[in-house]
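First up is the structure itself, then whatever we jot down about it.
The basis for the numbers below is simple: all heavy atoms, side chains too, and nothing from hydrogens, waters or symmetry mates. Sequence lines set the chain letters: A, B, ... in the order given, protein chains first and strands last, and positions in each chain run from 1.
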Number of protein chains: 4
Amino acid sequence: MPRPIDPARRRARRLQIIDAALTAFARHGYAGATTAEICRIAGIGSGTFFHHFPTKDSVVAAILEQGTRETREFFGGRAPGTPPRQVLFDFVGHAAADLADPRAAGFITVVGGLTARPEIAAALRDDENTLRACLREVVAAAQDRDEVRTDLTADRLALWIVLLVDGFAGRVAAGGFDVTAETPLLVDQVALLLDGSRPGPSQ
Amino acid sequence: MPRPIDPARRRARRLQIIDAALTAFARHGYAGATTAEICRIAGIGSGTFFHHFPTKDSVVAAILEQGTRETREFFGGRAPGTPPRQVLFDFVGHAAADLADPRAAGFITVVGGLTARPEIAAALRDDENTLRACLREVVAAAQDRDEVRTDLTADRLALWIVLLVDGFAGRVAAGGFDVTAETPLLVDQVALLLDGSRPGPSQ
Amino acid sequence: MPRPIDPARRRARRLQIIDAALTAFARHGYAGATTAEICRIAGIGSGTFFHHFPTKDSVVAAILEQGTRETREFFGGRAPGTPPRQVLFDFVGHAAADLADPRAAGFITVVGGLTARPEIAAALRDDENTLRACLREVVAAAQDRDEVRTDLTADRLALWIVLLVDGFAGRVAAGGFDVTAETPLLVDQVALLLDGSRPGPSQ
Amino acid sequence: MPRPIDPARRRARRLQIIDAALTAFARHGYAGATTAEICRIAGIGSGTFFHHFPTKDSVVAAILEQGTRETREFFGGRAPGTPPRQVLFDFVGHAAADLADPRAAGFITVVGGLTARPEIAAALRDDENTLRACLREVVAAAQDRDEVRTDLTADRLALWIVLLVDGFAGRVAAGGFDVTAETPLLVDQVALLLDGSRPGPSQ
DNA sequence: GATGAATGAGCTTTCATTCAT
DNA sequence: TATGAATGAAAGCTCATTCAT
C-alpha cells in the first residue's frame with residue numbers, strides 16, 4: 001500500500017536539507033561539511049539524505065539552481081514600466097540584501113573552489129549564464145534609452161556588474177564587512193560603471 | 001664530515017613543491033589535488049613532500065605567505081618619488097599582471113573556501129591585513145596630496161580596491177575573461193573609485 | 001519507520017571485534033596487529049571497525065575495561081559467607097584459569113608496553129586500581145579475622161598478590177609454561193606470602 | 001687515507017646510542033620511540049645511527065645481549081667459595097638494584113610486547129635461557145648442599161625465581177613502587193620459595 | 001519513506017632505511 | 001665516519017554511499 005507521496009512534504013524535506021547544508025558549508029567549507037554533519041543539523045538520518053539527493057554534490061547544485069531560479073524570477077517579476085537602469089540598481093540592491101545572510105556569502109566563496117566537480121561546475125555555469133543573460137538584456141534596453149553608456153557592449157557591462165557584486169560577496173565572506181553600510185558604495189560604483197565618466201572631463 | 005647543508009637547495013625544493021601544488025590546486029581544487037598528485041607533478045616521493053611541509057595545509061599557507069612577502073616587497077620597492085596615486089595604479093596593474101598566470105586566479109578561488117582550516121585562515125588573514133595596511137598607507141598619502149577623494153577614509157578605499165581586484169580575480173577564474181583586454185577597465189574602475197561620484201570635476 | 005536499532009546486535013559486533021583484536025594482538029603484538037588484520041579476522045570491512053571503535057587504541061581500552069568489569073563482578077559475586085582468605089585463593093585460581101587462554105597472557109604482555117598511549121594508560125591504571133582496591137578490601141577483612149598476617153598492610157599484600165599473578169602471566173606469555181601444572185605452586189606462593197612465616201634469610 | 005678505526009670510539013658510540021634508545025623506549029614505548037627521537041637524544045644524525053646498527057630492532061637486541069653478557073659475568077664473577085644459596089640471594093639483590101634505574105623496568109615491559117619481531121624474540125629467548133641456565137646450575141648446587149628444598153626440580157625453581165623478579169620489574173614499571181623499600185620482601189619471597197611450604201598450607 | 005550499520009576506496013601522514021656527499 | 005635529504009611502503013582513519021529492515 002504505497003503511501004500517497006505528498007509532494008509538499010517532499011519539497012519541505014528538500015528545503016530542510018538544503019538549509020542544513022548551507023549552514024554546514026558556510027561553517028566548515030565543502031570538504032569539512034560531511035554528509036553526517038548536514039544530517040545532524042537537519043535532524044535526519046543519512047539514509048534520508050540520500051533519498052532526496054543522490055550525491056553530496058547534488059545538494060550544492062540544487063542550491064545553485066535555486067539561486068538561478070530566483071534570478072529568473074527577479075528579472076521576470078519587474079513591473080513592466082520600470083526603467084531598465086532602475087532594474088539594474090534594484091538587482092544590485094537585491095543581491096546585496098541576499099548577502100546579509102552570512103551563509104550566502106560563505107557559500108559563494110566555498111562554491112568558487114569547486115569547479116573541479118563536473119555537476120557543480122555545470123550548475124555554476126548555468127547560474128552565471130542566466131544572470132549575465134538577464135543583465136545583458138536589461139543593460140541593452142537601458143542603452144537603447146540612453147540611460148547607460150554605449151561605448152561598452154551590453155555584455156561587457158553585465159560582466160562587470162557581476163564582477164562588482166562578486167567582489168562585494170567576497171568581502172562579506174572575508175568578514176568585518178558591514179553589508180548595509182557598504183551597499184550604497186556598491187550602488188555608486190555600479191553607477192560609475194554605467195556612466196563611465198573617466199578621468200578627464202566628467203560626463 | 002657533516003655534509004655542509006645547502007640552504008639554496010632546500011629553498012629550491014620548496015619552490016618546486018609550491019609550484020607543483022599551485023598547478024594541482026588550480027587544476028583539481030584543494031580536495032581534488034591529492035598530495036600524491038602534487039608529488040607526481042613535482043617529480044618527488046611523498047616522503048620528500050612531508051620532509052619539507054608538515055601538512056598539506058601548510059603548502060597553501062606557504063603559498064599565501066609568499067604572496068604576502070611579495071606584496072610587502074612591491075610596496076617597499078617603489079621609487080621614493082613616485083606619486084602615491086601612481087603607486088596605487090601600479091599596484092593594480094601589477095596584481096592584474098599576476099593574474100595572467102591562470103593558476104593564480106584558480107588558487108585564489110580555491111583558497112577562498114578554505115577558511116575552515118585554521119592554518120590557512122591565519123595565513124589568509126595575514127595576507128589580507130598586510131595588503132590592506134600597505135594600500136591604506138598609500139591611499140592616505142594620496143589623500144594628503146589631494147590626489148584622491150577624502151570623503152571616504154583611507155581604510156575604506158583600500159578595502160574597495162581589494163574588492164575590485166578580488167572581483168577581477170574571480171572573473172579570471174570563472175574563465176572566458178581576457179585579462180589584458182579587461183585590465184584597462186579595472187584601472188578605470190579604480191580611478192572612478194578614487195575620484196568619487198561624478199558631480200564636479202574629476203581629479 | 002525507523003528500523004528499531006538492536007542494541008544486542010551492536011554489542012555482539014563489538015565483542016566480535018574485541019575478540020578478533022585479542023587474537024591479532026597476541027599473535028603480532030600491538031604495532032604488528034594492523035587494523036586491516038583485525039578486520040580480516042573479524043570478517044568485517046575497515047569502515048565497520050571504525051564505526052564501532054573510534055581508534056585502534058580504543059579497542060585495547062575496551063578490552064581492559066571489560067577485564068575491569070569482570071574483576072568487579074568476580075569480587076561482587078562471592079557468596080557472602082565465604083571466608084576472605086578463601087576469596088583470595090579463589091581469585092588467584094580464577095586469574096590463573098583466565099590465563100589458560102594463551103591470548104590473555106599475550107595481551108597482558110603486549111599492553112604493558114603501551115603506557116605511552118594516554119587512553120590505554122588510563123584504562124590500565126583504572127584496571128589496576130580496581131583490582132588492588134578489591135584485593136585490599138578482602139585482605140583487610142582476612143586480617144580482621146586473623147586469617148592473614150598483619151605485619152604488612154592490606155595494601156601492600158594486595159600489591160604483592162598482583163605482582164605474583166603478573167609474574168605468572170609473564171611466564172605464560174614467554175611460553176613453555178604449563179599453566180595447570182604451575183597453578184598449585186602459584187597458590188602455594190600466595191599462601192606463603194599471606195602467612196609470611198619466614199625461617200630467617202638463610203636456611 | 002682511511003682513518004684508523006678506533007674500536008674504543010666505536011664502542012663508545014654504540015653505548016651512547018644504546019643509552020639514548022633506552023631512554024626513548026622507556027619514555028615513549030617501542031613504536032613511539034622513533035629512530036629520529038633516539039638520534040636527537042643521542043645528539044647524532046640518522047645516518048650515524050644506521051652506521052652502528054643495521055635496524056631499529058637490532059638496538060633492542062643489542063641491549064638485551066648486553067644484559068645477557070652481564071648476567072653471565074655476574075654468575076661467572078662470584079667468589080668460588082660463596083655458598084650457592086647466597087649466590088641466589090645476591091642475584092636477586094643485584095637484579096633489584098638494576099631496576100632502580102626506572103628505564104630498565106620500562107624497557108623490560110616494553111620489550112615484552114615485541115615477541116613478534118624475530119630478532120628481538122631470539123635475543124629475548126637467549127637472555128632468558130642464559131639466565132635460567134645460570135640459575136638452574138646454582139640452584140642444583142644449593143640442592144646438593146641441602147640449602148634448598150629438593151621437592152621441586154632445579155629448573156622449576158629457577159623459573160620461579162625469574163617469575164618473581166619479572167613480577168617485581170612489572171610493579172616497578174607500573175609506577176608508585178618503591179624499589180628499595182620492597183626489595184626485602186622480594187628476598188623474603190624468594191626465601192619462602194626456596195624453602196617451600198610448611199605443613200598446614202591453608203591458614 | 002526513513003533509518004543507520006556496513007562498506008571500502010582513497011586519503012594524509014609516518015618512519016625505518018638508503019646513499020651521495 | 002658522519003650526515004640528513006630523499007624515499008616509498010604501509011598504516012590509521014574518513015566519509016560518501018548502499019541497502020536490509
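Going from atom NZ of C:Lys56 over to atom P of F:dA10 covers 15 Å, rounded to whole Å. One interatomic measurement links the two molecules: CZ of D:Phe49 to P of F:dA2, which rounds to 14 Å at whole-angstrom precision. When rounded to the nearest whole Å, the span between CZ of A:Phe53 and P of E:dG1 equals 12 Å. A straight line from NE2 of B:His28 to P of E:dT12 spans 12 Å, rounded to a whole angstrom. Separating the CZ atom of D:Arg40 from the P atom of E:dC15 is a distance of 11 Å, rounded to the nearest angstrom.
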Parsed dot-bracket for DNA chain F after applying the Watson-Crick and G-U rules with both distances under 3.5 Å and | for other-strand partners is .||||||||||||||||||||
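Sorted by first then second residue, the side-chain hydrogen bond (donor to acceptor under 3.5 Å, both in side chains) pairs that include residues 107-116 of chain B, not counting sequence neighbours, number zero.
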Worked verdict on C:Phe107 versus C:Leu64 for side-chain contact (heavy atoms from CB on, under 4.5 Å): CA-CA 10 Å; C:Phe107 179 73; C:Leu64 287 169; 4.0 Å; yes
Trace of the side-chain contact (heavy atoms from CB on, under 4.5 Å) decision for A:Arg27 with A:Glu37: CA-CA 11 Å; A:Arg27 203 180 281 168; A:Glu37 164 87 343; 3.9 Å; yes
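Counted by atom type alone, A:Arg69 and A:Gln66 present zero donor-acceptor pairs between their side chains at under 3.5 Å.
With sequence neighbours left out, B:Asp19 forms a salt bridge (Lys or Arg N to Asp or Glu O under 4.0 Å) with B:Arg103.
Residue-to-nucleotide contacts include no donor-acceptor pair under 3.5 Å from the side chain of C:Thr35 to the base of F:dG12. A donor and an acceptor atom never sit less than 3.5 Å apart when one is taken from the side chain of D:Thr34 and the other from the base of E:dA16.
C:Ile41 pairs in a side chain to side chain contact (heavy atoms under 4.5 Å, CB included) with only one of the listed residues (C:Thr23, C:Leu22, C:Ile17), which is C:Thr23.
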